[in-house]
Amino acid sequence: MKQVPRSFYRRDARLVAPELLNKILLASDGRAGRIVETEAYCGREDAAAHSFRGPTPRSAAMFGPPGHLYVYFTYGMHWCCNAVCGEGEGHAVLIRALEPLAGLDTMRARRPRVRGDRDLCNGPGKLTQALGIGKAHDGADLVKGNRGVRIVSDGTPPPRDPAVSARVGISKAMEYPWRWFVDAHPQVSGRRR
DNA sequence: ATGAAGATCAGA
DNA sequence: CTGATCTTCATC
C-alpha cells in the first residue's frame with residue numbers, strides 16, 4: 001500500500017475528487033473500501049458547500065490543513081466524511097460510496113438491516129456507519145492516520161474516463177457537474193442520475 | 001431565542 | 001413517496 005502524500009490534497013477539490021477514485025479508505029481495525037464515488041465542494045464560490053459563508057464551528061475542519069477529514073452530522077442521524085483539500089479555502093471532497101474490500105463481517109455487524117453486501121457502503125451515510133466513522137474523526141489526519149482513518153493506494157490508478165454528473169441531494173448550485181464515479185462498478189456506486 | 005433546512009436512509 | 005430524527009446557523 002502506497003501512502004497518499006499531503007501534496008495530493010493541496011489542490012482544488014475538483015482536481016482531487018476524480019483522482020480519489022480507486023484509492024482506499026482504511027479504518028483502524030482493518031475495515032477498508034475502495035472509493036468509487038466522490039463530490040467536490042468548493043468554498044466561497046459554491047453555494048452548496050458548508051464553507052460557502054466562511055468558517056463556522058461545524059465547518060472549521062474544512063478551512064484547516066489539507067489531507068484531514070471533515071466529518072459532519074446531518075438529517076438527525078447520519079455522519080458524512082470529506083477529505084479536506086486546497087489551502088484553507090474551504091474545499092473538500094465528499095466520499096459518497098465505497099466498494100467493500102476488508103472487514104466485511106464488522107461492516108455487516110454495524111449495518112444489521114442490510115441484506116446484500118452491495119448496500120454496505122453505497123452512500124455517504126452508509127459508509128461511515130459501516131466503517132465506524134463519526135464525530136471523533138472530525139479533523140483526523142488522513143495522511144498520518146493517527147486517529148485510525150487513512151487513505152492509501154494499492155496502485156490502482158483512477159479511471160481514465162470517470163463518469164461525471166451533477167451532485168446528489170443539494171438544493172443550491174445544482175448546475176455544477178462536480179460528482180465523479182467509477183462507471184465500471186454499477187453494483188456498488190450510489191444512485192446514478 | 002427561534003425555526004427552517006438539511007451534501008440521507010429505509011421501508012411501504 | 002414518506003417518516004425518522006436532531007443539529008446547525010441565519011435571522012429575529
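Each chain gets a letter, A, B and so on, in the order the sequences are listed, and its residues count up from 1.
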### Query
So A:Met62 and A:His50, side chain to side chain contact (heavy atoms under 4.5 Å, CB included) or not? Walk me through it.
CA-CA 8 Å; A:Met62 281 187 91; A:His50 292 161; 4.1 Å; yes
### Query
How long is the line joining CD of A:Gln129 and P of C:dT5, in whole Å?
14 Å
### Query
Are any of A:Arg179's side-chain N or O atoms less than 4.0 Å away from OP1 or OP2 of B:dA7?
no
### Task
Whole angstrom is fine here: how far is it from CG in A:Asp119 over to C1' in B:dG11?
13 Å
### Task
Identify whether NZ of Lys or CZ of Arg in A:Arg11 sits under 6.0 Å from the centre of the six-membered ring of A:Phe8 and within 45° of that ring's axis.
yes
### Query
Considering only B:dG6, C:dA4, B:dA10, which nucleotide approaches the side chain of A:Arg113 most closely?
B:dA10
### Message
So A:Ile170, base contact, sugar-phosphate only, or nothing? Heavy-atom distance under 4.0 Å.
### Response
sugar-phosphate
### Over-ring placement of A:Arg14 relative to A:Tyr176, 6.0 Å and 45° cut-offs
no
### Check: A:Cys85 and A:Val93 side chains under 4.5 Å, non-hydrogen atoms
yes
#### Entry: Pairwise distance CG(A:Asp46) to OG(A:Ser51) - rounded to 0.5 angstrom
7.0 Å
### Query
Reckon A:Met62 touches a base, only the sugar-phosphate, or nothing at all at heavy-atom distances under 4.0 Å?
base
### Task
On DNA chain C, check which nucleotide each of A:Arg53 and A:Gly76 is closest to and give me the residue with the more 5' one.
A:Gly76
### Message
Both A:Arg58 and A:Thr74 contact DNA chain C. Taking the nearest nucleotide for each, which residue is further toward the 5' end?
### Response
A:Thr74
### Message
What is the separation between atom CE on A:Met77 and atom P on B:dG11, rounded to the nearest whole Å?
### Response
12 Å
#### Entry: Strand DNA chain B as a dot-bracket string - pairs counted if Watson-Crick or G-U with both distances under 3.5 Å, | where the partner lies in another strand
||||||.||||.
### Summary
A:His91 atom NE2 is separated from B:dA7 atom C1', nearest whole Å, by 15 Å
### Query
So what does A:Arg115 touch, heavy atoms closer than 4.0 Å: a base, only the sugar-phosphate, or nothing?
nothing
### Task
Would you indicate what A:Phe73 reaches in the nucleic acid, counting non-hydrogen atoms under 4.0 angstrom: base, sugar-phosphate, or nothing?
sugar-phosphate
#### Entry: Protein-nucleotide distance (A:Leu94, atom CG; B:dA7, atom C1'), rounded to Å
5 Å
### Task
Could you check how far NE2 of A:His50 sits from C1' of C:dT7, rounded to whole Å?
11 Å
### Query
Which of the following nucleotides, B:dT8, C:dC9, B:dG6, is nearest to the side chain of A:Ser171?
B:dG6
### Message
Tell me whether the side-chain N/O atoms of A:Lys126 come closer than 4.0 Å to OP1 or OP2 in B:dA10.
### Response
yes
#### Entry: Check ion pair A:Arg111-A:Asp119 (N to O, under 4.0 angstrom)
no
### Query
Hey, does the side-chain of A:Tyr72 have a donor or acceptor N/O within less than 3.5 Å of a partner on the base of B:dA7?
yes
### Query
Of the nucleotides B:dT8, C:dA10, B:dA7, which has the atom closest to the A:Tyr75 side chain?
B:dT8
### Query
About how many Å separate CG of A:Leu69 and CG of A:Asn82, when rounded to the nearest 0.5 Å?
7.5 Å
### Query
Rounded to the Å, how far apart are A:Phe52 CZ and B:dA7 P?
13 Å
### Query
In terms of the nearest nucleotide of DNA chain B, which residue is placed more toward the 5' end: A:Val114 or A:Cys81?
A:Cys81
### Message
Once rounded to the nearest 0.5 Å, what's the spacing between atom OG1 of A:Thr106 and atom CG of A:Leu131?
### Response
10.0 Å
### Query
Starting at CD of A:Glu175 and ending at P of B:dA7, how long is that distance when rounded to a whole Å?
16 Å
